[in-house]
Amino acid sequence: MVEYISSKKQIGAKTLFATHYHELTELEDKLESVNNYCIAVKEQGENIIFLRKIIRGGADRSYGIQVARLAGLPEAVLQRAREIVDILTDNDINSKIRENVADVAASTARSSGKKARNDLEAGQMSLFGPAVIDDHSDVIDKLKGIRIDDLRPVDALNLLAELQDMLK
């Protein structure tokens, strides 16, 4: 959507776009017409103050609960939201993936003598760039040869187990 509306060949709009998908900030590096801006925020404990100043860059975190408080939602709702955020944070698979990707990138960089890509050093997988994969060409070839429409569920499970073994 951002690619389409920012394209001068399509709409070429100057667009205000608000989202919690922080990965979209990567588009600034990919699309010439995209620039990230956010509103400056001052935190005071669990409260925030919007400083009414637009600054260059993307937001460093979500302020959903604080905005909900400003909007007047009941404290019981805010408390439940905090509980859910704590659960999601404790079970955040994305952070585990980022840690693993950062470890792999650092290891690959050390073994090849090259510098790891900046986003991988930071533990962030690129949403828009190619995946960084070790040389598992046998697994890739196997995946390319799969005819998904012909797989029964049990065959798919067996295939996943086989691919997992190949990676070990």
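In this chain, numbering begins with 1 at the start of the sequence shown. Basis for what follows: all heavy atoms, side chains included, without hydrogens, waters or symmetry-related copies. Note that the coordinates shown come from a computational prediction; the quantities given were computed from them, not determined experimentally.
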Is there a path of hydrophobic side-chain contacts, each under 4.5 Å between heavy atoms of I/L/V/M/F/W/Y residues, joining L167 to L159? yes

Counting distance only, does the side-chain N/O of Q66 pair as donor-acceptor with the main-chain N or O of N47 below 3.5 Å? no

Tightest non-hydrogen contact, residues I65 and V85, listed as CD1-CG2, 3.8 Å

Distance col, row S33:OG vs L27:CG, nearest 0.5 angstrom, shows 9.5 Å

On a heavy-atom basis, which atom in L78 and which in A68 lie closest, and how many Å separate them? CD2-CB, 3.6 Å

For a quick test of reading the model, state the closest non-hydrogen atom pair linking Q79 to R82 and the distance between them. OE1-NH1, 2.8 Å

Find out if a path of hydrophobic residues (ILVMFWY) with successive side-chain heavy-atom gaps under 4.5 Å connects I48 to L51. no

CD1 of I148: more than 12 outside heavy atoms within 6.0 angstrom? no

More than 12 heavy atoms of other residues, nucleotides or ligands under 6.0 Å from CD of E32: is that the case? no

Begin with the C-alpha distance, continue with both residues' side-chain angles, and end with the deciding distance and a verdict on salt bridge (charged side-chain N to carboxylate O under 4.0 Å, His left out) for D155 and R152. CA-CA 5 Å; D155 295 331; R152 296 177 302 161; 3.0 Å; yes

Going through the distances and angles, do I49 and V41 end up as a side chain to side chain contact (heavy atoms under 4.5 Å, CB included)? CA-CA 6 Å; I49 299 171; V41 174; over 6 Å; no

For the CZ atom on R52, are there more than 12 heavy atoms of other groups (residues, nucleotides or ligands in this structure) within a distance under 6.0 Å? no

Is there a chain of hydrophobic side chains (I, L, V, M, F, W, Y, each step under 4.5 Å between heavy atoms) that links I55 to F50? no

Would K144 and I140 count as a side chain to side chain contact (heavy atoms under 4.5 Å, CB included) here? Give the steps. CA-CA 6 Å; K144 286 179 180 177; I140 293 169; 3.6 Å; yes

Go through R80 and E75 one step at a time and tell me if the salt bridge (charged side-chain N to carboxylate O under 4.0 Å, His left out) criterion holds. CA-CA 9 Å; R80 178 65 180 136; E75 185 57 38; over 6 Å; no

Same cluster or not: L163 versus L157, using hydrophobic residues (I, L, V, M, F, W, Y) connected whenever any side-chain heavy atoms lie under 4.5 Å apart? no

At their closest point, which heavy atom of E28 faces which heavy atom of N35, and how far apart are they? OE2-CA, 3.4 Å

